[in-house]
Amino acid sequence: MAPTPREPSTTPKIQEALDARDVLAAALSRAGVQLPAMDIRRPWPDEREGEASYALVHLGVCSAPVAHALAEVILNGLTR
């Protein structure tokens, strides 16, 4: 998957979350699993000025078959 272009207002922590989302989506795709609502959630304004806030990778919701496929991929990875 091609990297997401950096937006001018994107902080390093938001870019880190975008990159993580893209890597996870590519890995899941290679395993035959697609989470349709993957996105990032930008951090809320930080009350502690000067500290970097992390953005979150939001995996969204998925159907029961997709949840089972994801569990199978995880369990198969554990047996390696």
Side-chain angles (χ1 to χ4, degrees):
M1 179 173 279
T4 304
R6 189 177 172 126
E7 300 172 27
S9 63
T10 301
T11 68
K13 297 297 183 185
I14 292 173
Q15 188 61 46
E16 179 183 24
L18 288 167
D19 294 343
R21 178 205 57 198
D22 293 346
V23 168
L24 179 58
L28 289 171
S29 180
R30 286 188 63 198
V33 177
Q34 180 180 358
L35 295 176
M38 284 183 65
D39 200 359
I40 66 156
R41 298 292 165 113
R42 295 178 184 263
W44 292 272
D46 198 344
E47 296 168 0
R48 297 166 292 187
E49 196 163 321
E51 288 191 35
S53 297
Y54 283 91
L56 302 174
V57 178
H58 180 72
L59 302 179
V61 297
C62 63
S63 66
V66 171
H68 283 291
L70 182 56
E72 183 178 344
V73 166
I74 292 168
L75 292 174
N76 287 340
L78 289 175
T79 61
R80 291 183 187 178

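Worth saying up front: this structure is predicted, and the values here are computed from it rather than measured.
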When you look at NE2 of H58, are more than 12 heavy atoms from neighbouring residues, nucleotides or ligands closer to it than 6.0 Å? yes
As an exercise, state the distance from [atom1] of [X] to [atom2] of [Y], rounded to the nearest 0.5 Å.
| X | Y | atom1 | atom2 | value |
| --- | --- | --- | --- | --- |
| I74 | T79 | CD1 | OG1 | 12.5 Å |
| L56 | I14 | CG | CD1 | 10.5 Å |
| I40 | E16 | CD1 | CD | 10.5 Å |

Residue pairs meeting salt bridge (Lys or Arg N to Asp or Glu O under 4.0 Å), one or both in residues 23-39, sequence neighbours left out, come to R21-D39
Using side chain to side chain contact (heavy atoms under 4.5 Å, CB included) as the criterion, list what pairs up with L24, not counting sequence neighbours. L28, M38, L59
Taking all atoms of both residues into account, what is the closest heavy-atom pair of G60 and A37, and its distance?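 Heavy atoms only, the tightest pair is CA-CB, 4.0 Å.
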